[in-house]
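Residue numbers count from 1 along this sequence.
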Amino acid sequence: VRLNRNGAKLMIKYGATAGTDVTGFGILGHAQNLCENQKEKVAIELHTLPFMAGTPAINKEIFNFRLADGFSAETSGGLMVALPEANAEAFCKELQELDGAEAWIIGKVVADPNQKARIVDNVKILEV
């Protein structure tokens, strides 16, 4: 668990073009909000979904709160940041060094006249 101070500072350093905290709308809802509020017609393709360890099993076996569908509401989610692709790895590395917690590249921005965020078919589930 971390606050977003270091992430916010690094967003400036690495040229972020958009960002949001992932909370009540779930990861897909927040990605969709970002898509709808851009000058260009873009979408976000999510190829990796990081989850707290054990939550995919709880979602499957006990209560389906639409975790793998990207709609699970979070109470203190992380940052979703749109960065130039060339800067993304360095951003994640420096954030991890500063915070002592992992950061991941979870998707990519693509041209899309429909501006629809989506989770790719073979999404990678990370239990962290």
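Listed here is the closest heavy atom pair of T48 and V123: N-CG2, 4.0 Å. Considering all non-hydrogen atoms of both residues, M11 and G19 come closest at CE-CA, 4.0 Å. Nearest heavy atom pair, residue L34 against residue A18, reads CD2-CB, 4.0 Å. Across A103 and L95, no two heavy atoms sit closer than the pair CB-CD2, 4.0 Å. Considering all non-hydrogen atoms of both residues, A16 and V81 come closest at CB-CG1, 3.6 Å. Across all non-hydrogen atoms, the minimal contact from L67 to N59 is N-OD1, 3.4 Å.
From H30, atom NE2 reaches atom OG1 of T23 across 3.5 Å, with rounding to the nearest 0.5 Å. Atoms OG and CG, on S72 and N64 in that order, are 9.5 Å from each other to the nearest 0.5 Å. In this structure, CG in L46 is found 14.5 Å from NZ in K124, a value given to the nearest 0.5 Å. Taking CE of M80 as the start and CG of L28 as the end, the distance is 8.0 Å to the nearest 0.5 Å.
Counting only residues at least two apart or on different chains, the salt bridge (Lys or Arg N to Asp or Glu O under 4.0 Å) pairs with a member in residues 26-51 are E45-R118. Applying the ring pair (Phe, Tyr, Trp, His ring centres under 6.0 Å) test to pairs two or more places apart or on separate chains, none has a residue in residues 42-66.
The side chain to side chain donor-acceptor pair (under 3.5 Å) test applied to K93 returns no partner, not counting sequence neighbours.
With E102 contributing its side chain and Q96 its backbone, the two residues share no donor-acceptor pair below 3.5 Å. Side-chain atoms of Q32 come within 3.5 Å of backbone N or O of Q115 as a donor-acceptor pair.
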Check the pair L49 / I27 against side chain to side chain contact (heavy atoms under 4.5 Å, CB included), numbers first and verdict last.
CA-CA 9 Å; L49 297 176; I27 197 166; 3.9 Å; yes

Stepwise, does the side chain to side chain contact (heavy atoms under 4.5 Å, CB included) test hold for I44 with V109?
CA-CA 5 Å; I44 298 173; V109 176; 4.3 Å; yes

Stepwise side chain to side chain contact (heavy atoms under 4.5 Å, CB included) check, L98 with L10:
CA-CA 10 Å; L98 290 171; L10 294 178; 3.9 Å; yes

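There is no path of hydrophobic side-chain contacts, each under 4.5 Å, that joins M52 to L79. Transitive grouping of hydrophobic side chains (ILVMFWY, heavy atoms separated by less than 4.5 Å) keeps I105 and L83 in distinct clusters.
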